Protein chains: 2
Amino acid sequence: MQKKPYISMSVIRRLPRYYRFLVDLDRRGILRVSSKELAEKMGFTASQVRQDFNCFGGYGQQGYGYAVHQLREEIGTILGLDRVHKCILIGAGNLGKAIATHISYNFAGFELIGIFDRGEQVVGQSLAGLTVLPYGNLRSFCAENKPVMAILCVPHTATESIVDDLYALGIKSFWNFSHYDISLKYKDALVENVQLNDSMMTLCYRISEIEE
Amino acid sequence: MQKKPYISMSVIRRLPRYYRFLVDLDRRGILRVSSKELAEKMGFTASQVRQDFNCFGGYGQQGYGYAVHQLREEIGTILGLDRVHKCILIGAGNLGKAIATHISYNFAGFELIGIFDRGEQVVGQSLAGLTVLPYGNLRSFCAENKPVMAILCVPHTATESIVDDLYALGIKSFWNFSHYDISLKYKDALVENVQLNDSMMTLCYRISEIEE
DNA sequence: TAGATTGTTAATCGATTAACAATC
DNA sequence: TAGATTGTTAATCGATTAACAATC
């Protein structure tokens, strides 16, 4: 509850994992957890867990541990999971469908308010409680509903022109599943990349390494 | 071409990005590239690029730069992209379908040889050139074809028992899209996690942060 | 030769771990 | 009070950046 603590990006990247774990403990009615226990379950050191929680004050009690529910809430607040950022999805292929379903099951700060596709057969389909709209409707939809984030599930060859459109319509945050590099052109865009290809190549390296 | 250089994991995680970029340059017929140029395009420093390439000998020439094609090949070899690791996919929902399609387009060290699902309607469908098989066939299929890696696109509640089955059948490498934590139970398993949830929460943090 | 750019060492920075006093 | 466990400082480790001599 400090006023805007500085939290480094490496800590931020760990917060979702803590959060997921705490949600599970909370659901099971467990009230307290020690840094040692958390560390073991998550593959960190106890020292690191305490260091991490100290960034934002924490809810630790010496000799006792951390109050699960409070800590969970605090981390949720820091991550902004209690907000409702309106977002749209571009591309309703298999991946787009998976993400749309995923996002509607996993409330995490976002509300999906529109899905767009260029394909004749896809437009009009029902998906995650929404109807897939034609890409041509994008402009009027954005003017009216003001989404702040766009999820890009389109082939990477199509991504550039779509990002141009979206950026012009005022969307500057992207969850990008294509491997087109948005930041190269739009320096001030906020981009979270999910690079399946990179993940696959890294896995390939690790498997190849143990094989020889 | 050194004999097994040590490359740190942070460098490894950058190699796919270099690789993708070099493939692009190579395709465009560009023969040389400097560390400065690469750095600018990828958001690193030139120093880091040189440091990275030095881990494995590199193909740099002073006063000239790096030979694109050779460097690309070398990185590909290090990543093991020239290998063919046989893998299977469990779960042919939207995400599974997307991954199956993805992997068959993006050759990167893996060959998808089997797809399994428990759902009546899905089994028998054709996907990425394969027919979706019933989960019950898993044992005999593995005995015969010896896949080394499994892609998990199943709900996280189902993951544990599936991993138990796979591990017993000799599969110890996983590309895991569920958020069940495999490493907790199987310490020697090689796991590459794709945590969509974590990625979404991190994005939420970053958007929330700039909003206030 | 002069200019460019690498390879490599040294300096800096940040993140992780260890240690222990504070305190519940 | 004794035991447990945090909060926090100091030590270590590793990764990034800067600098420049080597050399194409």
Side-chain angles (χ1 to χ4, degrees), chain A residues 1-2 5-18 21-22 25 30-75 78 183 198 202 205, chain B residues 1-2 5-18 21-22 25 30-75 78 183 198 202 205:
Chain A
M1 287 291 154
Q2 328 308 80
Y6 170 75
I7 309 181
S8 77
M9 205 56 205
S10 50
V11 175
I12 293 295
R13 294 259 166 214
R14 279 193 292 271
L15 291 188
R17 291 191 56 194
Y18 288 122
F21 198 77
L22 290 166
L25 290 179
I30 293 165
L31 299 177
R32 54 169 286 243
V33 67
S34 70
S35 57
K36 183 159 172 268
E37 196 181 336
L38 270 174
E40 268 161 22
K41 295 284 170 57
M42 317 198 61
F44 304 151
T45 63
S47 218
Q48 184 167 51
V49 172
R50 292 203 296 282
Q51 200 74 281
D52 285 351
F53 293 170
N54 251 88
C55 290
F56 49 87
Y59 284 95
Q61 272 200 309
Q62 276 136 327
Y64 175 82
Y66 296 89
V68 169
H69 187 77
Q70 278 188 296
L71 185 58
R72 182 207 113 139
E73 292 228 312
E74 175 67 1
I75 293 178
I78 290 171
S183 310
D198 291 5
T202 307
Y205 169 81
Chain B
M1 287 292 153
Q2 329 309 78
Y6 170 75
I7 310 182
S8 79
M9 205 56 203
S10 50
V11 174
I12 293 295
R13 294 258 167 216
R14 279 193 293 270
L15 290 188
R17 292 190 57 196
Y18 287 122
F21 197 77
L22 289 166
L25 290 180
I30 293 166
L31 300 178
R32 55 171 286 243
V33 66
S34 70
S35 56
K36 183 158 173 269
E37 196 181 337
L38 269 173
E40 268 163 21
K41 295 285 171 55
M42 317 198 62
F44 304 152
T45 62
S47 219
Q48 185 168 53
V49 172
R50 291 203 296 279
Q51 200 74 280
D52 286 350
F53 292 169
N54 253 89
C55 292
F56 48 88
Y59 282 94
Q61 272 199 310
Q62 277 136 328
Y64 175 82
Y66 296 89
V68 169
H69 187 77
Q70 278 188 297
L71 185 57
R72 182 207 113 140
E73 292 228 311
E74 174 67 4
I75 293 179
I78 289 171
S183 311
D198 291 5
T202 307
Y205 169 82

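Since this is a predicted model, take the numbers as computed values, not measurements.
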Response to the item:
Residue set satisfying ring pair (Phe, Tyr, Trp, His ring centres under 6.0 Å) with B:Phe21, at least two apart, ordered chain then number -> none
Practice prompt. List for me each residue that meets side-chain hydrogen bond (donor to acceptor under 3.5 Å, both in side chains) alongside A:Ser183, sequence neighbours excluded, and say none if there are none.
Written response: none
Fill in: Listed partners of B:Ser8 passing side-chain contact (heavy atoms from CB on, under 4.5 Å), at least two apart
B:Tyr6, B:Ser10, B:Val11
Practice prompt. Return the minimal non-hydrogen interatomic distance between B:Val49 and B:Tyr18, and the atom names on each side.
Written response: CA-OH, 3.5 Å
Worksheet item: With sequence neighbours left out, which residue pairs that include part of residues 30-48 of chain B fulfil the side-chain hydrogen bond (donor to acceptor under 3.5 Å, both in side chains) condition?
Response: B:Ser35-B:Arg50
Response to the item:
Only residue of B:Tyr59, B:Phe44, B:Tyr66 satisfying ring-ring contact (aromatic ring centres under 6.0 Å, His included) with B:Phe53 is B:Tyr66
Practice prompt. Could you state the atom-to-atom distance from CG of A:Leu71 to P of D:dT5 in whole Å?
Written response: 16 Å
Worksheet item: When the distance from CE of A:Met9 to P of D:dT16 is rounded to whole Å, what number comes out?
Response: 15 Å
Worksheet item: Partners of B:Arg14 by salt bridge (charged side-chain N to carboxylate O under 4.0 Å, His left out), sequence neighbours excluded?
Response: B:Asp52
Worksheet item: Can you check the A:Tyr59 OH to D:dG7 P distance for me, whole Å?
Response: 12 Å
Item to complete: Answer yes or no: does a side-chain N or O of B:Ser35 lie under 4.0 Å from OP1 or OP2 of C:dT5?
Response: no
Fill in: Distance, nearest 0.5 Å, that separates CE of B:Met9 from OG1 of A:Thr202
5.5 Å
Item to complete: Check whether any side-chain nitrogen or oxygen of A:Arg32 sits under 4.0 Å from OP1 or OP2 of D:dA4, and answer yes or no.
Response: no
Worksheet item: Should A:His69 and A:Glu73 count as side-chain neighbours, where that means a heavy-atom distance under 4.5 Å?
Response: yes
Worksheet entry | Euclidean distance, A:Tyr205 OH relative to B:Ile12 CD1, rounded to 0.5 Å | 3.5 Å
Worksheet item: A:Lys36 has an atom NZ; how far is it from atom P of D:dG7, in whole Å?
Response: 17 Å
Taking only nitrogen or oxygen atoms into account, show me every contact under 3.5 Å that the protein makes with nucleotides 21-24 of chain D, one pair per line with its distance.
unit_1	atom_1	unit_2	atom_2	d
D:dA22	N3	B:Gln62	NE2	3.2
D:dT23	O4'	B:Gln62	OE1	3.3
D:dC24	O4'	B:Gln62	O	3.4
D:dC24	O3'	B:Gln61	NE2	3.2
D:dC24	O2	B:Gln62	O	3.3

Worksheet entry | d(CD, B:Glu37; P, C:dA4) in whole Å | 15 Å
Practice prompt. Go through the steps to decide whether B:Val68 and B:Leu22 satisfy the test side-chain contact (heavy atoms from CB on, under 4.5 Å), and finish with yes or no.
Written response: CA-CA 6 Å; B:Val68 169; B:Leu22 289 166; 4.3 Å; yes
Fill in: Dot-bracket line, read 5' to 3' along DNA chain C, where crossing pairs take [ ] and | marks a partner on another strand, Watson-Crick or G-U under 3.5 Å
..||||||||||||||||||||||
Enumerate the protein-to-nucleotides 17-20 of chain D contacts in which both atoms are nitrogen or oxygen and the separation is below 3.5 Å.
unit_1	atom_1	unit_2	atom_2	d
D:dT17	OP2	B:Thr45	OG1	3.2
D:dT17	O4	B:Gln51	NE2	2.6
D:dA18	N7	B:Ser47	OG	2.6
D:dA18	N6	B:Ser47	OG	3.4
D:dA19	N6	B:Arg50	NH2	3.3

Worksheet item: Between C:dG14 atom P and A:Ile7 atom CD1, what is the distance in whole Å?
Response: 17 Å
Fill in: Separation of atom CG in B:Asn54 from atom C1' in D:dT16, rounded to whole Å
15 Å
